[in-house]
Amino acid sequence: MSIAIKTTELSRSFTGGGEKEAGGLFQALSDVNIEIPEGMIYGLLGPNGAGKTTLIKILSTLLLPTSGEAFVNGYNVDNQYDKIRPIINMVSGGENCGYGILTVAENLWMFAQFYGIPTKTAMERIKTLLEIMNLTDKADVKINKLSTGMRQKMNFIRGFVTEPKILFLDEPTLGLDVNAARETRKFVMDWVKNAVEPKTVILTTHYMKEADEMCHKLAIIDSGKILAIDTPANLKKQEAGGASYNITVGYKEFDANSLRAIPGVASFAHSVSDEDAIIEMIFNLEAGGALAKIIEKLSSEGLSILNIHKKEFSLEDAFIKLVGRRLNGGEAGANEHR
Ligand SMILES: Nc1ncnc2c1ncn2[C@@H]1O[C@H](COP(=O)(O)OP(=O)(O)OP(=O)(O)O)[C@@H](O)[C@H]1O
Ligand SMILES: [Mg+2]
């Protein structure tokens, strides 16, 4: 099996910026070692500022590493970017690409020209992709007349028009509605599954469900460091006898560390919903970890319990265990609705 991506001790620092400055340097990536075999969807999961985009920018030759090495299809990002660029493509969720005065089809054709794709091939691919993404009726509309979501769909299609060997998707479903996000996920999965020549996708996302559904392997990243690499199924394996609970309480200030310190609590995280004035707490308990002690503690802290719900150990729980907080801090359950 060939290796699509390999990094060794890959690090990147920036002067200024970030919170944890040391000697004027901010470490955005520290000693990242990953190896991605061809033909898989590989996810990077981590909170804001974790270093996901920085890693993708290095692998797509937009940014140089400070130290360590990165290879894409065997080529070194340091000095072989002319070999790498023709075989990769990248789509970023929030990005606003294209020329407003050109139509959707014209913009896509223009991007294909940057890669030297013959017009006939490009037009065929554009037609097929527009159909799959339900955007055919907008093919001849100037893109400054599109909604944000439609523009995002066009941007997404741009990533596939060049039939890249390796595709970087940085939050591809950002800003898409539920149906469009679902179509997008399915499209990527089919694209990899049905490829004649192996295709590799490196995906970042904030949506646990998306990571769980799409990725063959996941790297969990926080503060520039990789904390775990495994399949979603393995990450979701709970230690024998453990249990997970969602407990909703009425809003009141509380000390998270005192809850974390309750004997038998393996990990704890919470998020606040200002709108409903509630706090959603997630407790992962070790084997024999006593729920009674938690309830007692919450009551003694004056927190009113509104709901207790035993749940399956999810990717989010694995994330909480490793990172110590929820991925989508303020938006309790936002990832569950996609
Ligand atoms: N050009 C830059 N100059 C200075 N600091 C930067 C620069 N680019 C990124 N950083 C810092 O590096 C860290 C990692 O940023 P990065 O964009 O890689 O995070 P991310 O994981 O993609 O986050 P998000 O989920 O918000 O997109 C952040 O603290 C950021 O402030
Ligand atoms: Mg990012």
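The model shown is predicted, which means the values in this text are computed figures rather than measured ones. In each ligand, atom 1 is the first atom listed, and ligand 1 is the first ligand listed. Positions are given from 1 along the sequence.
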Subject >> Polar side-chain atom of Thr7 near backbone of Leu10 as donor-acceptor pair, under 3.5 Å >> reply: no

**OP:** Using atom types as modelled and distance alone, determine if a side-chain donor or acceptor of His270 lies under 3.5 Å from a backbone N or O of Glu280.
**Re:** no

Select the closest option to [atom] among [options], judged by heavy-atom distance.
atom                    : options                      : answer
atom 22 (O) of ligand 1 : Thr15, Thr53, Leu45          : Thr53
atom 16 (P) of ligand 1 : Thr54, Leu25, Asp170, Leu327 : Thr54
atom 24 (P) of ligand 1 : Asn48, Leu55, Leu174         : Asn48

Subject >> is_close_aromatic(Phe268, Phe283), centroid dist under 6.0 Å >> reply: yes

Original post:
What's the shortest heavy-atom distance between Lys52 and Pro47, and which atoms?
Top reply: NZ-O, 3.0 Å

**OP:** Quick one: pull up CD1 in Ile132 and CG in Leu135 and give me the separation to the nearest 0.5 Å.
**Re:** 12.0 Å

**OP:** Determine the sole option in Leu129, Leu108, Thr103 for which the side chain to side chain contact (heavy atoms under 4.5 Å, CB included) test with Met154 is passed.
**Re:** Leu108

Original post:
Looking only at heavy atoms of His206, does any of them come nearer than 4.0 Å to an atom of ligand 1?
Top reply: yes

**OP:** Work out whether the distance between some heavy atom of Gly46 and some atom of ligand 1 is less than 4.0 Å.
**Re:** no

Subject >> Of all pairs that satisfy salt bridge (Lys or Arg N to Asp or Glu O under 4.0 Å), the ones with a partner from residues 252-263, not counting sequence neighbours >> reply: none

Subject >> Tally of protein N, O or S atoms, where distance to the Mg ion (ligand 2) is under 2.8 Å >> reply: 1

**OP:** Mark up the atoms of ligand 1 that fall under 4.0 Å of a heavy atom belonging to Glu171, in ascending order.
**Re:** 25 (O), 27 (O)

**OP:** Consider every N or O of Gly51 and every N or O of ligand 1, then say whether any pair is closer than 3.5 Å.
**Re:** yes

Original post:
Short N/O distance, under 3.5 Å, between Ala50 and ligand 1?
Top reply: yes

**OP:** Would you kindly confirm whether Phe114 and Ile143 end up in one hydrophobic cluster when ILVMFWY residues are joined by side chain heavy atoms under 4.5 Å apart?
**Re:** yes

Subject >> Test applied, ring-ring contact (aromatic ring centres under 6.0 Å, His included); reference residue, Phe160; option that passes from Tyr115, Phe111, Phe187 >> reply: Phe187

Original post:
So do the side chains of Lys297 and Ile262 get within less than 4.5 Å of each other, counting heavy atoms only?
Top reply: yes

